[in-house]
Asks: 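Provided herewith is a single structure, encoded as structure tokens, for subsequent inquiry.
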Amino acid sequence: MIDPRRLRMEIGAIAERLRRRGIDLDVDHYRALETRRKHLQDQVEGLRSQRRQASKRIGEAKAAGDDIAPLVAAVGDLGGRLADAAKEFDAVRDDLDKFVKALPNPPDDSVPPGRDETDNVELRRWQEPSGFNFEPRDHVSLAGTSLDLGAAAKIAGSRFSVLRGPLARLHRAITQFMIDTHVQEHGYEEVYVPYVVDRHTLVGTGQLPKFEEDLFAIGGERDQFLIPTAEVPVTNLVRESILDADELPLRFVAHTPCFRSEAGNYGKDTHGIFRQHQFEKVELVQIVHPDESWNALDELTAHAESILRKLELPYRAVALCAGDLGFAAAKTIDLEVWLPAEGRYREISSCSNFLDFQARRMLARYRDPQSGRPGYVHTLNGSGLAVGRTLIALLENNQDGTSAVHVPDALRDYMGGSTRLEL
RNA sequence: GGAGAGGUGGCCGAGCGGCUGAAGGCGCUCCCCUGCUAAGGGAGUAUGGGCUAAACACCCAUCGAGGGUUCGAAUCCCUCCCUCUCCGCCA
């Protein structure tokens, strides 16, 4: 959430920055709401103050044994006027709140301009894709009977998958390897969290109120949703709290399934398991001091990159342009892995700095030891990595023209010592 | 799912419908005293919002959440949520 005070004072500048995202902020609408808010708040608080004084006097008169009837009469319809004004004020405040909560995070100045992914800027590459002296097969072909999309469709519908035997094991091995690496080498604390969250939690990280159609609602009596990413429950761990400055940074790693309805993505990536309604992800989340978040973004991105390197997967890092940025992010670095069958790089991790945007929504603060006052923390997260997509990348990059794929050294211990996976 | 108890400030814990943003204690911060330690004395110590260039002051809100009664609600009524104990069921 954008700081309401800054919005009030520098709406023009903020509108300018949001324009980089392709957002046209309705400044007049905002100003009108804000003017009414100011007026009504003044009125409501004034009336409440009056009521308080009057009630206090009645109390004192009563204690003194005086007749309170005239005093009560003098209050008149103050209660009624207050109720009317309060109702109006609440409505305006709710409108304003909705308006502000629907505004995305303004891009950081370092974010490249552009409208969509074609304007993203490549930052670096690691290992050029190795050529094959045969036509590379895609992951569906390589997986063979270990990937049963038909069975998944039968029991759940499209965009779900069933993995069997060696493929299921590889999927699990990848997950364990990633968690262990982040815990042992990068200093993250492993957390296990609910896969179901309530509305309030999703507002905290920014999925709601704007993107409800992308989520899986539990339905029935319960106003709950399946998590679209571990970011949601894990970041909300610090919701409505004031942390000691020396507790920071908090670094969490969580492995969870992720559920996305992705209503707007029909017809996109329909082949194989690249884009699914349910997928697994190992997620990195950091809660940091506001001075540290840009450093933390570099570090977190490097942590995710180290997984790709250990798995010997060619990748590149890309800075998302302003128009391609997610709602809550001030800046995002995507990691894209090389997929030989597609002959291009595809997203496998997305590392973002949200600054205080989520913290403000969540009321996640820390105590500044200097001033003694609470300040908002900064939050970050990144996939480290998406498990299903890592699986795809491993199959496709490690094929050798046979029915088997090579298992990288990093995974060998997790695969019972196997160097090759027979599919 | 059934029965009961309870949700108050960082924690513990009071709180006749009015003077309670909230007693008291603990903790924490600062100061004094003390030749060290222990003890002691004093002051301070919620969050959000408004106002402000900003701060102070001031104003408003908040005692699980939401409604209601009342001139006035932490205190009364209703609904919901959560925690704990016992029983049942169960990975």
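Keep in mind that what you see is a predicted model, and the values were worked out from it rather than measured. The chains referred to below are lettered A, B, ... by the order of the sequence lines, with proteins before strands, and numbering in each begins at 1.
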Asks: Which nucleotide in the list G18(B), A61(B), G48(B) gets nearest to the side chain of I58(A)?
Replies: G18(B)

Asks: Among the candidates C71(B), C59(B), U52(B), find the nucleotide nearest to the side-chain atoms of S49(A).
Replies: C59(B)

Asks: Could you let me know what G48(B) is paired to, Watson-Crick or G-U wobble, both distances under 3.5 Å, or none if it's on its own?
Replies: C60(B)

Asks: The side chain of R52(A) is closest to which nucleotide in this list: A54(B), G50(B), A61(B)?
Replies: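 Ranking A54(B), G50(B), A61(B) by closest atom to the R52(A) side chain puts A61(B) first.
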
Asks: When the distance from CD of Q224(A) to P of C80(B) is rounded to whole Å, what number comes out?
Replies: 17 Å

Asks: In whole Å, what is the span from the CG atom of D42(A) to the P atom of C59(B)?
Replies: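 About 14 Å, once rounded to whole Å.
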
Asks: When you match P4(A) and V75(A) each to their closest nucleotide on RNA chain B, which lands nearer the 5' end?
Replies: P4(A)

Asks: Please report the distance, rounded to the nearest Å, between CG in D94(A) and C1' in G66(B).
Replies: 14 Å

Asks: Is a donor from one side chain sitting under 3.5 angstrom from an acceptor on the other, for T256(A) and K281(A)?
Replies: no

Asks: Using the C1' atom as the point on both nucleotides, what is the distance between C76(B) and U83(B), in whole Å?
Replies: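 Going atom to atom, C1' in each nucleotide, I get 24 Å.
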
Asks: Give a yes/no verdict on a cation-pi contact between R389(A) and F279(A), requiring under 6.0 Å between NZ or CZ and the six-membered ring centre and an angle within 45° of the axis.
Replies: no

Asks: Please report the distance, rounded to the nearest Å, between CD in E34(A) and P in G49(B).
Replies: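 After rounding, the gap between these two atoms is 13 Å.
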
Asks: Should L243(A) and L250(A) count as side-chain neighbours, where that means a heavy-atom distance under 4.5 Å?
Replies: yes

Asks: My understanding is that a pair needs two contacts under 3.5 Å, Watson-Crick or G-U wobble. By that rule, which nucleotide pairs with A53(B)?
Replies: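 Across any shown strand, A53(B) pairs with none.
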
Asks: Write down the distance separating the P atoms in G25(B) and C77(B), rounded off to the nearest Å.
Replies: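 Roughly 32 Å separates the two P atoms.
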
Asks: Return the nearest nucleotide to the side chain of R367(A); candidates are C60(B), U47(B), U52(B).
Replies: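 Within the option list, the nearest is U47(B).
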
Asks: Picking from U47(B), A73(B), C60(B), which would you name as closest to the side chain of R51(A)?
Replies: A73(B)

Asks: For A14(B), give its Watson-Crick or G-U wobble partner with both distances under 3.5 Å, or none.
Replies: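 Paired with A14(B), as far as the under-3.5 Å criterion goes, is no nucleotide at all.
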
Asks: Counting heavy atoms from C-beta on, name the nucleotide in A54(B), C51(B), G48(B) closest to the side chain of R8(A).
Replies: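 Given the options A54(B), C51(B), G48(B), the side chain of R8(A) is closest to C51(B).
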
Asks: Between E189(A) and R251(A), is the salt bridge (charged side-chain N to carboxylate O under 4.0 Å, His left out) condition met? List the steps.
Replies: CA-CA 6 Å; E189(A) 180 189 355; R251(A) 293 187 172 133; over 6 Å; no

Asks: How far, in whole Å, is A65(B) from U75(B) if one measures between their P atoms?
Replies: 11 Å

Asks: If U20(B) has a Watson-Crick or G-U wobble mate with both distances under 3.5 Å, name it; if not, just say none.
Replies: none

Asks: Using Watson-Crick or G-U wobble geometry with both distances under 3.5 Å, which nucleotide pairs with U37(B)?
Replies: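 Per the H-bond distance test, none.
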
Asks: Both distances below 3.5 Å, Watson-Crick or wobble geometry, any strand: find the nucleotide opposite U85(B).
Replies: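 Across any shown strand, U85(B) pairs with A3(B).
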
Asks: Please check if any side-chain donor atom of D3(A) sits under 3.5 Å from a side-chain acceptor atom of Y376(A), or the reverse.
Replies: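 No, no side-chain donor-acceptor pair sits under 3.5 Å.
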
Asks: In whole Å, I'd like the distance from the NZ atom of K62(A) to the P atom of A73(B).
Replies: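 The answer, rounded to whole Å, is 13 Å.
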
Asks: Of all the nucleotides listed (G49(B), C60(B), C71(B)), which has the minimum atom distance to the side chain of S55(A)?
Replies: C71(B)

Asks: For the C1' atoms, the ones on C28(B) and on C84(B), what distance do you get once it is rounded to whole angstrom?
Replies: 29 Å

Asks: Check whether NZ of the Lys or CZ of the Arg R199(A) lies under 6.0 Å from the centre of the six-membered ring of F225(A) and within 45 degrees of that ring's axis.
Replies: no

Asks: Strictly by Watson-Crick or wobble contacts shorter than 3.5 Å, is anything paired with A43(B), and which nucleotide is it?
Replies: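 Pair assignment: A43(B) / U29(B).
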
Asks: Rounded to whole Å, how long is the line connecting atom CE of M1(A) with atom P of G48(B)?
Replies: 12 Å

Asks: Between R275(A) and E347(A), is there a salt bridge with N-O shorter than 4.0 Å?
Replies: no

Asks: Please state the P separation for the pair A46(B) and U29(B) - nearest whole angstrom.
Replies: 16 Å

Asks: So which one's nearest nucleotide on RNA chain B is more toward 5', I242(A) or K38(A)?
Replies: I242(A)

Asks: Could you give the distance separating C82(B) and G68(B) at their C1' atoms, to the nearest angstrom?
Replies: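 Here G68(B) and C82(B) have their C1' atoms 22 Å from each other.
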
Asks: Using OP1 and OP2 only, check whether a side-chain N or O of R365(A) sits under 4.0 Å from G48(B).
Replies: yes

Asks: Say we look at C60(B) and A3(B): how far apart would their C1' atoms be, to the nearest angstrom?
Replies: 43 Å

Asks: Can you tell me, in whole Å, how much space there is between the P of G49(B) and that of G44(B)?
Replies: 26 Å

Asks: So what's A91(B) paired with, Watson-Crick or G-U wobble, going by both distances under 3.5 Å?
Replies: none

Asks: Compare the minimum distances between each of G49(B), A54(B), C71(B) and the side chain of M9(A), then state the nucleotide with the smallest one.
Replies: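 When the side chain of M9(A) is considered, A54(B) is the closest of G49(B), A54(B), C71(B).
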
Asks: Pick base, sugar-phosphate or nothing for R37(A), based on heavy-atom distances below 4.0 Å to the nucleic acid.
Replies: sugar-phosphate

Asks: Whole angstrom is fine here: how far is it from CD in Q53(A) over to P in G72(B)?
Replies: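 The distance from CD of Q53(A) to P of G72(B) comes to 15 Å, rounded to the nearest Å.
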
Asks: Could you tell me if the ring centre of H378(A) sits under 6.0 Å from that of F354(A)?
Replies: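 No - the distance between ring centres of H378(A) and F354(A) does not fall below the 6.0 Å cut-off.
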
Asks: Just the rounded figure in Å: distance from P of A61(B) to CD of Q50(A).
Replies: 13 Å

